[in-house]
Protein chains: 2
Amino acid sequence: MSLRHALLATLTAQPMTGYELVKYFDGSVAYVWSAPHSQIYPELRRMERDGLVTVEVVPRGERAEKRVYSINEAGLAELQRWEQAPIPYQSDRDPYRLKVAHFEQSTYEAARSQLEAHLHHFTRALREWEQILADIDARRVSLLRRRLGQRPEEEHEAIIAFRKLAFRGEVLKARAEIAWAEEGLAVLDELQAKGVPLRGEEFAKPAGH
Amino acid sequence: MSLRHALLATLTAQPMTGYELVKYFDGSVAYVWSAPHSQIYPELRRMERDGLVTVEVVPRGERAEKRVYSINEAGLAELQRWEQAPIPYQSDRDPYRLKVAHFEQSTYEAARSQLEAHLHHFTRALREWEQILADIDARRVSLLRRRLGQRPEEEHEAIIAFRKLAFRGEVLKARAEIAWAEEGLAVLDELQAKGVPLRGEEFAKPAGH
DNA sequence: GTAGTCATGTAAGAGGTTACATGATTAG
DNA sequence: CTAATCATGTAACCTCTTACATGACTAC
């Protein structure tokens, strides 16, 4: 139930509409958690039903309305309960590892292409996470500024430190994935230089001789 | 549809029953992919229906039977097609990052406890992955030996190299997570030494003053 | 007027978790 | 005889993805 807690945590900064929350969770640079609007709107309704958020229906123009959600005491208690409960570890599935483990069924070209995409993805991600770290340091993140404005000065250092720590984790992970992809490309180069055949090459050229 | 391809890839080593596949995918040390038997049995039936595997029903004792699955040509073609198709990247959700990002809602004790669990989990995982790497090098993995026995000598080097590369990725990832958890624990120590308050402390002791 | 943004939903389906359920075989 | 292992399923539920759907407001 992490989506619920991601929403609650975001609402501690300020009351927001579903639409505003969607923008935070839907963006290409999703902040720590991502979700499409088809997940967010129903979840907000369920949170309302469960008494974790309070809704204010605000008119917008002549005919339209919007629903502004605020976290309430029960919601804050639930967020803190979740924060203090241990999250159990279970094996996660990584389709990239699975694919690489059986690259002998692929071709050098396709294998290289996948690893290059991996490299590209995490290189880009690394730049983004590092930019976010810099933005946090410079207090350029508007939601963070609003959150700080709500809390006493003495808590600010912790809020900043934990937000940075989370992105720092993504930075370390991105660097590990980059190093891995580079190792993988080196492995491919070496095998190909030795002339080691891959089984996928046959399939790749069904019209070949 | 990675489960399907994980099953197909495993079956390239040798024909197996659902039960044997369950053991490979259900173990605490799941090899690159994991799945419970409730997922594996129905998927094998679907793969049979789709003509990717061939089944031999073998009697077992007097009354019982078992179903031995073999990958066939269509299955191998599908595996190779999947291997050569790019897997798109999408943002993944990490509940540990989310939790850490909002540690100010927790307590020093609970926060430390989560990071220690993180450290413990990935330290253990690291040992396991390194053990597997050593086992592969020493050809102590029975399924791998059988797989090699099926393929010409010239392909062996690639099969070994890719299997190791996959686990090497897990090793690098585990090291990154360990480094992150250690950084996190250091952050907690520093904040606590400075007396920075966390908001969860109030909630943690509702009977307190 | 019209394009872009604001705003909020529903529905089908895939994939995964947990629990329920059953029964034969084998080793002690 | 009894416990462990072999063997194979189903069902309910949750999460997430993708697609379908609608309409008001605002700036040009």
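Every chain is numbered from 1 and lettered A, B, ... according to where its sequence line falls, protein lines coming before strand lines. Below, each value reflects all heavy atoms present in this structure, side chains not excepted, and no hydrogens, waters or symmetry copies.
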Practice item. Specify the separation, in whole Å, of atom CZ of B:R4 and atom C1' of C:dA14. Key: 12 Å
Study note, to complete from the structure: A:Q39 atom CD is separated from C:dG13 atom P, nearest whole Å, by 18 Å
Check your understanding: Taking the six-membered ring of A:W180 as reference, does the NZ or CZ atom of A:R97 fall below 6.0 Å from its centre and within a 45° cone about the axis?
Key -> yes
Exercise for review: Identify, with sequence neighbours excluded, every residue that meets side chain to side chain contact (heavy atoms under 4.5 Å, CB included) alongside B:A9.
Suggested key: A:H102, B:L79
Review point. Rounded to whole angstroms, how far apart are NE2 on B:H37 and C1' on C:dT22?
Key: 11 Å
Check your understanding: Tell me, which of residues 50-71 of chain B have any heavy atom that sits under 4.0 Å from an atom in DNA chain C?
Key -> B:R60, B:G61, B:E62, B:R63, B:A64
Review point. Does B:R93 or B:G18 map to a spot on DNA chain D nearer the 5' end, using the closest nucleotide for each?
Key: B:G18
Practice item. Please indicate whether B:E109 has more than 12 foreign heavy atoms, meaning atoms of other residues, nucleotides or ligands, lying under 6.0 Å from its CD. Key: no
**Study point:** Salt-bridge criterion met for A:R199 and B:E155 (N-O under 4.0 Å)
**Key:** no
Review point. Between B:K173 and B:E177, is there a salt bridge with N-O shorter than 4.0 Å?
Key: no
Revision key, fill the gap. Taken to the nearest whole Å, OH/B:Y41 to C1'/C:dG23 is 13 Å
Practice item. Would you check if the side chain of B:R139 reaches a backbone N or O of B:D137 as a donor-acceptor pair within less than 3.5 Å? Key: yes
Exercise for review: Have a look at A:S2 and say if it touches a base, only the backbone sugar-phosphate, or nothing, with a 4.0 Å heavy-atom cut-off.
Suggested key: nothing
**Study point:** Qualifying residue for side chain to side chain contact (heavy atoms under 4.5 Å, CB included) with B:R67, from B:L44, B:V55, B:V58
**Key:** B:V55
Practice item. Give the rounded distance in Å between these two atoms: CG of B:L7 and P of C:dG16. Key: 11 Å
Review point. Aromatic rings A:H37 and A:Y41: how do their planes relate, parallel, tilted or perpendicular, breaks at 30° and 60°?
Key: perpendicular
Check your understanding: Is the A:Y89 ring parallel, tilted or perpendicular to the B:Y96 ring (thresholds 30°, 60°)?
Key -> parallel
**Study point:** 5' to 3' contact window, DNA chain D with chain A (heavy-atom distance under 4.0 Å)
**Key:** D:dT15 to D:dC25
Review point. Taking OH from B:Y19 and P from C:dA24, how many angstroms apart are they, rounded to a whole number?
Key: 16 Å
Check your understanding: How long is the line joining CG of A:L44 and C1' of C:dT10, in whole Å?
Key -> 15 Å
